[in-house]
Amino acid sequence: MGLASAVHHGGGIRISLNFHLRVASVSPTVQLPRWTGFRFSNHRVSIVHSEEERRASNSYADSQEKLQKSEAYASSVKTVAFWVCSAVAFGVGLGLKEGVGKASEFFAGYILEQSLSVDNLFVFVLIFKYFKVPPMYQNRVLSYGIAGAVFFRLSLILLGTATLQRFEAVNLLLAAVLLFSSFKLFSNDEDDTDLSDNFIVKTCQRFIPVTSNYDGNKFITKRDNIWQATPLLLTVAVIELSDIAFAVDSIPAVFGVTRDPFIVFTSNIFAILGLRSLYTLIAEGMADLEYLQPSIAVVLGFIGCKMILDFFGFHISTEASLGFVATSLSAGVLLSLAKKAD
């Protein structure tokens, strides 16, 4: 309208003036929204970029964690396979040198000890959960537990061998221990997942002053200028004492298969050495092996009866014992897997 007015009145100055005023009055209102819009747009871009970076970072962390678990699982499979193959090679070599009878005794003892070790792993899972042991420290605890198990079992084997050679009637005592253990496994309907009233746990907590928190992978730490044990040391103590209790079942069971202390010890050692890697493989699926414990109870009852019959002169061959042990344990595992599949 300003331009039309200037033409109508013929004033060139008003044309210039109106045009100048129009530009001066409009330009600030046009520039301000454009400038403000540009800043807002940049802010949205930065938010989008930071969100994408966060998601990418989380995705990378998840993939790294899965990769580490996969590598740990693969390493455990290789370790377990190595120890199983080593045990088989040792048994074959023993058979070639000492005869089929000695090899059968070794394999019977090894399978029996391996099955008992798997059952004991369930207790280790409960102990780790009760003390809330971080997964990164569990292998260290198991390593100390295995070292202690080797020492304690060697001591019990030497003591048991010397006792059996001097007092034949001790066989009946060992058989009674196995039959009682078998009965206890069959009649165990209680919930054992709560270890707060467990005798071993309560005893260790009473005599070992323990801090309330972990201090990395340390067993002992200094708090207020006082040296105290961490929960990690208490866990090791409970596992060591638990293994002594396990040996009360396992050592008599192997003596029910063979009296040769060398075979008793080697069958125990080969079963124990792969225990840490075996824990990594089956810790999460322990609850799925529902029929393993009843099958172990059957085996312990069988070995106990065999020891009683041997004492009274009725001998059951090692080959028959090996077949019964292998069949019972295999049936327990297969039935558990079949029930899980259903």
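What you see is a predicted model; the values in this text were computed from it and never measured.
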About how many Å separate CG of L174 and CD1 of I308, when rounded to the nearest 0.5 Å? 11.0 Å
Hey, could you give me the NZ/OH distance between K218 and Y137, rounded to the nearest 0.5 Å? 10.5 Å
Relative to the ring of W83, is the ring of F270 parallel (under 30°), tilted (30 to 60°) or perpendicular (over 60°)? perpendicular
Closer than 3.5 angstrom, by distance alone: can the side chain of S182 be matched with the main-chain N or O of A297 as a donor-acceptor pair? yes
Is it true that atom CD1 of I220 has more than 12 heavy atoms of other residues, nucleotides or ligands lying nearer than 6.0 Å? no
Do Y144 and F219 have ring centres separated by under 6.0 Å? yes
Less than 3.5 Å apart, which donor and acceptor atoms pair up between the side chains of residues 150-159 and the rest of the protein, not counting sequence neighbours?
unit_1 : atom_1 : unit_2 : atom_2 : d
R153   : NH1    : E113   : OE1    : 3.1
R153   : NH1    : S250   : OG     : 3.2
R153   : NH1    : N268   : OD1    : 2.9
R153   : NH2    : D243   : OD1    : 3.2
S155   : OG     : F151   : O      : 3.0

Do the side chain of T266 and the main chain of I263 share a donor and acceptor less than 3.5 angstrom apart? yes
Is there a donor-acceptor pair under 3.5 Å between the side chain of S336 and the backbone N or O of Y291? yes
Test item: F124 and T235 side chains (from C-beta on) under 4.5 Å apart, heavy atoms: no
Just by distance, do the side chain of K306 and the backbone of G256 share a donor-acceptor pair under 3.5 Å? yes
Could you tell me whether the side chain of F128 reaches within less than 4.5 Å of the side chain of V141, counting heavy atoms only? yes
Over 12 foreign heavy atoms within 6.0 Å of CZ, F311: yes
